[in-house]
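Letters A, B, ... are given to chains in the order of the sequence lines, protein chains preceding strands, and every chain is numbered from 1.
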Amino acid sequence: MLILSSLLLFILTTHSEALTPAAARDEFQEELVIRPLHSGDIYASFQFRTLWDTDFLQEGQKVSHYRLFPKSLGQVLSKFSVRELHISFTQGFWRTMQWGQPFIPSPPGAELWVWFHDTVSDVDGNWKELTNVLSGIFCASLNFIDLTNTVQPSASFKPLGLGNATDHRFLRYATLPREIVCTENLTPWKKLLPCGSKAGLAVLMKSEKLFHSSFHSQAVHIRPICQDEQCSSKAWELRQTLNVVFDLHTSGQGKKEWSLFKMFSRTLTEACPLASSSKVYVDITDNPELFELSPATPLLGQAVVLGDRRTYSVYDLSRAETFGQLRSFNLLLRDMLRPLLHAERYVAGFGLQTGEIHTVIYNNHPYRAFPVLLMDSVPWYLQLYIHTLTVTSKSRDNKPSYIHYQPAKDRHRPHLLEMLIQLPPHSMTEVTVQFERALLKWTEYTPDPNHGFYVGSSVVSALVPSMVAMRTNFTQDQPLFSSFVPVKEESSYFVRVYTEPLLVNLPTPDFSMPYNVICLTCTVVAVGYGSFYNLLTRTFQVDEPSPPLSKRLANLIRRMRGVPLLT
Amino acid sequence: MAAPLTLLLIVAVTIRAVLFRSSLAELISARVEVVSPLNAWKRVVEGLALLDLGVSPYSGDVFHETPLMIYLFHFTVDYAEIVFIVSAYFFRKQKYALESDRYSADCLELLRSPKEMFYIPLKVAMFYLLNPFTILSCVAKSTCGLNNAIIALFIFCTLKGSALLSGILLALATYQSIYPLTLFAPALLFFLQRLYIPVNLRRSSFWFFTLQYAFMYVGSLVVITGLSFFLLGSWDFIPSVYGFIFSVPDLTPNIGLFWYFFAEMFEHFRLFFSCVFQINVFFYTIPLSIKLKEHPVFLIFMQIAIISIFKSYPTVGDVALYMAFLPAWSHLYRFLRNIFLVSCVLLACSALFPVLWHLWIYAGSANSNFYYAITLLFNFGQVKVFTTTWLTNCEWKNRWRNKVSLFINLY
């Protein structure tokens, strides 16, 4: 009995390999390529590649084990005997002259082209059903694809995967240029990914930023490929690509500074655990003059793309040190053009009573501090309060070493404020002062009073340390543009920076009212005057009430009789 | 008497202390109804800051306080609260002194009972200390409160009979803002009444006393002005303070009638209307003195009311000053006509001031006319308050006189 059971067990274990299927070798890779474009825009291209290791060419084999490959697409492939499927949804037009060539091109609207197996008898029927199923999967109106807009290109769309079929009767191509891409299409597309939008590079794909761009294209490409060079085993490859170009000016401030946060309003926190590789590539072929990259990375890669050898900085997200101490990875591309001295000015506050003038001065020198002279001339109708003057550098008080203040005299002269401030290296200094807005006489307003009143620019004058030694002696052959300001010292040059002028609104009286105001005010004063006059000149008399009739008659009779009267 | 007054003082100080420490203090100091360019605390601080920077505070147009104020605030910073309490204390003192002047007769329905009279000082103190206008003015640290204190001290000294002190304090009040000059006449009349000198232009005793008092007053004024000159070393403060009061260059909205009038006036008439408005404050003095020469205290009340309404930069602190006097004439309450209507008007306007200001300046949905209209109505209400008081005072006097003569006739 015991021998029989152990023998059975032995037989079972030795044949266990034949009973269990081969271990699935599904694979998922994700990558993001960022390429700054010459116009200041930035091009980001996501590619997610899922390899589904299954023998599809065998007929009749029902595939039921889905690990990384999405089930909806797998069922589509088997039901309609699809050999290759390429579908893309694009919003915007790719401007080749300004942006170069995209990695994966796509036309505006929706585009769908499919190679069917040569075993399919009714290709048109399959095509119709396929478009309807796909429109359900992607929440798009692909059901508008019918025979009126389908073609069978004979030479343009050869299969991109395995297969040497040349019978173009099994190819169908259709576009819907009117198709609009929106969040409804992005969400089911994201659901096809193994990690969804919860981990890895897909967390960056938030629709509020993605659709606020010049160009947006999402695509799905399915094709059979060889897994190795000998093509001993084949696999399905699903590539989901998302190309987006962010515009410099519509994404805020026009500063040529890009970061993952600015582009996608998210940062990366972890790689997708199901991914075998998760990388971010930044195209640095045109560097170091164009931008500086932070955080720095030692990894470099080279690739030949579109006939050009390009160099990339590589960030490997599967390594924990990429995320740093804060466990978040935010790539920063900053423009290399950093002037040493720069100033900005703006008005803060709300309402028409008070306000605050903020002047911000930037010292971009990495290690040298230098003093600047700030001159502010504010018109008299904005009454400055010098006791509210604060100068802060790096969130600490920075007292100016010299202040010259001449307060304004109403309708005679403006305010003049001059200060000598020492700017610490690589810092931002903020000068704030509060003011109150005055009500002017109605004739002192311009014909367009609600446009506001202009305040002239502040002037920042400084001797900025120079990187290069300069000649102090005057030579005749110097070009005009370098000889305007006389050079007194070798190590620093004189620079004057003007800030923006300010536009400030003042409270306005009603301009149609001069006569009415005079009348009404004089009325109130006259009421007072009239009451006073009345009370000053009035005399009081006691008024005896007239006696009733009976009394009067009685008094009349009494008078006739000569007897004392009744009171 | 001491216990209720102490309680009242404690309550008043508590309210002010609580408001001082809350975030409302910032908000209230910025309100245009409570502070004006003449007495805002922000401007005092600005003047002191300019002095620290080495620039004369009068070289700009921000600071319009007198030089003595600068030196007062150089040393004491924000304990003016205590001065206000002291001033209120003196209010009640002078009211008490007032009552000893009254006749007591059988005409009970026209006069107050001694019990009522006893409580009048407390009522006056309550009217001043717990008046929301005073509280707001105090929390905003407006120097109006200090001016009120000086005027109250002046009234107290006058009622106590000390001519020299009264002259000095009146000079100080005039030095602060020119308008208390009109209080010279009632003070003079009070002293004459007290010393039993008849007001007769032909009598030499009248002229003798008048010259004495005038000499004390003018002398102190000259001394104080000279002192200010030596404090700062220049006469800059005269155009900055007094020129500012008279020529009204700053058109910041307030609760008075001047700002919008001068904002919308034709340039041609500017001098004419400035003169008219300033004369309006001063020229009621002589007729009122003639009419009310037997009632100098009432005359003081009338003058203060006229100043508060028609001065160039009024604030609610000035309104509170004359309102504090009203309980002294509590015997008139029964006869006041339209008092309900007038008090409703004043309450409604006080509530509407901040609302319409917000709508104009912050919300942008109203314009300056809304705020101006409420200004007009508020001043109209104020005019009605004191003309009604005056009218009932005349009626009351008349009735009382007739009743007294009747009484004498009967016996």
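- In this structure, A:Arg413 CZ and B:Ser59 OG are separated by 6.0 Å, a value rounded to the nearest 0.5 Å.
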Intermediate values then yes/no, side-chain contact (heavy atoms from CB on, under 4.5 Å), B:Val45 and A:Tyr385: CA-CA 9 Å; B:Val45 177; A:Tyr385 285 94; over 6 Å; no

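- The minimum heavy-atom distance linking B:Lys291 with A:Leu535 is given by the pair CE-O, 3.5 Å.
- Counting heavy-atom pairs under 4.5 Å between each of B:Lys384, B:Glu267, B:Gln382, B:Lys42 and chain A puts B:Lys42 at the top.
- Rounded to the nearest 0.5 angstrom, B:Asp250 CG and A:Leu440 CG are separated by 10.0 Å.
- Proximity of the aromatic rings of A:Phe532 and B:Phe386 is defined here by a centroid distance below 6.0 angstrom, and this criterion is met.
- Looking at A:Ile518 and B:Phe269, their side chains never come closer than 4.5 Å, going by heavy atoms from C-beta outward.
- Of the two parts of A:Leu389, neither the backbone nor the side chain holds a non-hydrogen atom closer than 4.5 Å to a non-hydrogen atom of chain B.
- Because its NZ or CZ atom is not both nearer than 6.0 Å to the ring centre of B:Phe262 and within 45° of the ring axis, A:Lys441 does not count as a cation-pi partner of that residue.
- No more than 12 heavy atoms of other residues, nucleotides or ligands sit less than 6.0 Å from atom OH of A:Tyr533.
- Residue B:Leu391 holds its CG atom at 5.5 Å from CZ of A:Arg538, rounded to the nearest 0.5 Å.
- Within the 4.5 Å cutoff, the side chain of A:Thr508 has no heavy atoms near those of the B:Ser368 side chain.
- Taking the six-membered ring for Trp and thresholds of 30 and 60 degrees, B:Phe283 and A:Tyr529 have nearly parallel ring planes, at less than 30 degrees apart.
- For chain A, the option among B:Gly54, B:Gly60, B:Pro57 with the highest count of heavy-atom pairs below 4.5 Å is B:Gly60.
- Closest of all the heavy-atom pairs between B:Phe273 and A:Cys522 is CE2-SG, 4.4 Å.
- The environment of CG in A:Leu553 is crowded: more than 12 heavy-atom neighbours from other residues, nucleotides or ligands sit within 6.0 Å.
- Only the backbone of A:Ala408 comes within contact range of chain B, with heavy atoms under 4.5 Å apart.
- For B:Leu376, the parts lying near chain A are the backbone and the side chain together; criterion is any non-hydrogen pair under 4.5 Å.
- No other option in B:Leu292, B:Val32, B:Val383, B:Leu251 has as many heavy-atom pairs under 4.5 Å with chain A as B:Leu251.
- Side-chain contact between B:Phe261 and A:Val525 is absent, with no heavy atoms from C-beta onward closer than 4.5 Å.
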Steps toward side-chain hydrogen bond (donor to acceptor under 3.5 Å, both in side chains) verdict (A:Tyr515, B:Glu264): CA-CA 8 Å; A:Tyr515 184 65; B:Glu264 295 271 18; over 6 Å; no

Chi angles and distances behind the side-chain contact (heavy atoms from CB on, under 4.5 Å) call for A:Glu436, B:Thr252: CA-CA 10 Å; A:Glu436 259 181 25; B:Thr252 314; 5.6 Å; no

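- A distance of 7.0 Å separates CG of B:Asn369 from OG of A:Ser512, quoted to the nearest 0.5 Å.
- At a 4.5 Å heavy-atom cutoff, B:Phe258 makes no contact with chain A through either its backbone or its side chain.
- Of the two parts of A:Thr443, only the side chain, counted from C-beta on, holds a non-hydrogen atom closer than 4.5 Å to a non-hydrogen atom of chain B.
- Between chain A and the options B:Ile306, B:Ile309, B:Leu377, B:Val276, heavy-atom pairs under 4.5 Å are most frequent for B:Ile306.
- The minimum heavy-atom distance between A:Gly528 and B:Tyr284, with the atom names listed, is C-OH, 4.4 Å.
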Chi angles and distances behind the side-chain contact (heavy atoms from CB on, under 4.5 Å) call for B:Arg43, A:Gln383: CA-CA 11 Å; B:Arg43 292 188 182 234; A:Gln383 294 149 352; 3.6 Å; yes

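- Neither the backbone nor the side chain of A:Glu444 comes within contact range of chain B; no heavy atoms are under 4.5 Å apart.
- Across A:Val524, A:Asp510, A:Thr523, the residue that shares the most heavy-atom pairs under 4.5 angstrom with chain B is A:Asp510.
- Considering every non-hydrogen atom in both A:Gly351 and B:Tyr362, the closest pair reads CA-CD2, 3.4 Å.
- Between B:Tyr372 and A:Val517, some side-chain heavy-atom pair lies under the 4.5 Å cut-off.
- Here the straight-line distance linking atom CD1 of B:Ile361 with atom CD of A:Gln353 works out to 6.5 Å at 0.5 Å rounding.
- In this structure the side chain of B:Phe380 reaches within 4.5 angstrom of the side chain of A:Val527, judged on heavy atoms.
- With a 4.5 angstrom heavy-atom cutoff, A:Arg411 touches chain B only via side-chain atoms.
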Criterion side-chain contact (heavy atoms from CB on, under 4.5 Å) on A:Trp442 and B:Met265, from CA distance to verdict: CA-CA 8 Å; A:Trp442 71 304; B:Met265 195 166 43; 5.7 Å; no

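- Rounded to the nearest 0.5 angstrom, B:Phe244 CZ and A:Asp410 CG are separated by 7.5 Å.
- Heavy atoms of B:Trp259 lying under 4.5 Å from chain A belong exclusively to its side chain.
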